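Counting starts at 1 for both ligands and their atoms, in listed order. Keep in mind that what you see is a predicted model, and the values were worked out from it rather than measured.
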Amino acid sequence: MSLKLTNTLTKRLETFKSLKPGEVSIYCCGVTVYDLCHLGHARSYIAWDVLRRYLISQGYQVTFIQNFTDIDDKILAKAAKEHSTMSQVSEKNIKEFHKDMDALGIIRPSRMPRATRCLNGIREMIHKLEKKGAAYSVDGDVYFAVMKHIDYGKLSSRDLSEQQLNADGRIEKEEEARKQSPFDFALWKAAKEGEPSFPSPWGEGRPGWHIECSAMVLQELGETIDIHLGGSDLIFPHHENEIAQSEMANGKQLANYWLHNGMVNVGGQKMSKSLGNFTTIRALLNNGVSPMTLRLFILQAHYRKPLDFTNESIAAASKGWARLNSALCVGLKNHQQLNWPKPEAQEQTFSNLKKYISDESLSNSCQQFIDALDDDLNTSVAISVLFDLSRPLSSLANQLKRGFSPLGDEAENKELQSKWSFLVGLANVLGLQPELSQKEKSPQNQMHNEIEIIEAIKERKAAKLSKNYAQADKIRQELKDKGIELIDKKNGVTEWIKN
Ligand SMILES: [Zn+2]
């Protein structure tokens, strides 16, 4: 494969090569669970969902880890406001997170570690840093000594002398005086009165923010991973600090590729909570913006560029989606009338892109689509391929709607049918799935998120092969909770039924 990605670490467009053939390990910085997710989160996680889907479509086994930060000042402030606890606020917002991400068709990460459940790994890593002389404690606080990491600043291209003090905006004056260098950051914070705390060799306290990601990468994926993801606002200090901690503790490069998505702007200004110009995913969906309209809107811009959010741009995306969707739905709504075979789950998977290359009538479009995504995930060009393909299918949908029976030439009908199934397959690589209106949904043609099930079955199989039965059971249970029952056949094939 010749996927090229812009690597923040080298500032270059590079050809992607995984550490292990056929496998890709990805870590993505997750949310701090104190509130609903906003459009910026949708943008980031949709972009990375496409990266993951594309890698799967190229035959890779992708392990995707994304964390939940469930220890944080903002969560504590919310708990105080709501007269609840840190864990209650986290639990509630984790549920809301899944609700939003599921609605947007984002494949759930392989595993989602939480800071509160990774404390051993965090303490071990701090201890290792201390032993190497890169961490020091002052009255129960532990700091990372940035001067000990010669490469500090390599991701963000900052030189310590140029850096502004209080870069993360959270350093207090009092804290300043305890540190050996103003750039040092907290690995462990001593407990404050009335706040939840956890035991440690340095006394009761809680971990700093940056250390959780370093500890989780090591715990879930190992010392060096293929790709590390995040928003461009995380490059400094968060990702710079992750690199310093991990590379100092493990003596290995943390990630080979660092990818960062651009921010969402409103009227030229960055969307942020503090500016009061942010929109939650929930509010958009409740206001009638369909999940796939939002996906199309986000993917029409390149993931690294700023995305301008306006009512007009959403309205334009909605129109575009209506056209594309009519083509995607035509074979679901009318397969009997068209005498097309009943759509099968396989048609919605995307691990078969290559098979289209050999089909003469489709190979050009398929190649254009692959070339677009190979070019640093150029989703807007990939979308234009979908629109080209959708034209005859949209007009077929229109004719059917107006009561015409377009059936005539059998060969032409067959060609339309294969074009439709191809379009559905390609759209799925971008996570764009047909949206039937409520009244069109029937048990026969309701499209469950089958890709997710198929992926989960694959992951479970891999877990069983590596004798990780606890993980395999967890996957089975998660599917069961969603009403999906797995049946292991004697020949090694796992089938599933929906209850
Ligand atoms: Zn992180």
Does M86 reach the side chain of E195, with side-chain heavy atoms less than 4.5 Å apart? no
State whether E212 contributes an N/O/S atom found under 2.8 Å from the Zn ion (ligand 1). no
Can you check whether F68 and F97 have ring centres sitting under 6.0 Å from each other? yes
Between H239 and the Zn ion (ligand 1), is there a contact where an N/O/S atom of the residue lies under 2.8 Å from the metal? no
Under the salt bridge (Lys or Arg N to Asp or Glu O under 4.0 Å) definition, can you give me all pairs with a residue in residues 136-149, not counting sequence neighbours? D141-R178
Would H238 count as a contact for the Zn ion (ligand 1), in the sense that one of its N, O or S atoms lies under 2.8 Å from it? yes
Distance-only donor-acceptor pairs under 3.5 Å for side chains of residues 298-309, two or more places apart:
| unit_1 | atom_1 | unit_2 | atom_2 | d |
| --- | --- | --- | --- | --- |
| H302 | ND1 | R304 | N | 3.2 |
| H302 | NE2 | D376 | O | 2.7 |
| Y303 | OH | D376 | OD1 | 2.7 |

Atom nearest to the Zn ion (ligand 1) - E242, N, O or S atoms considered: OE2
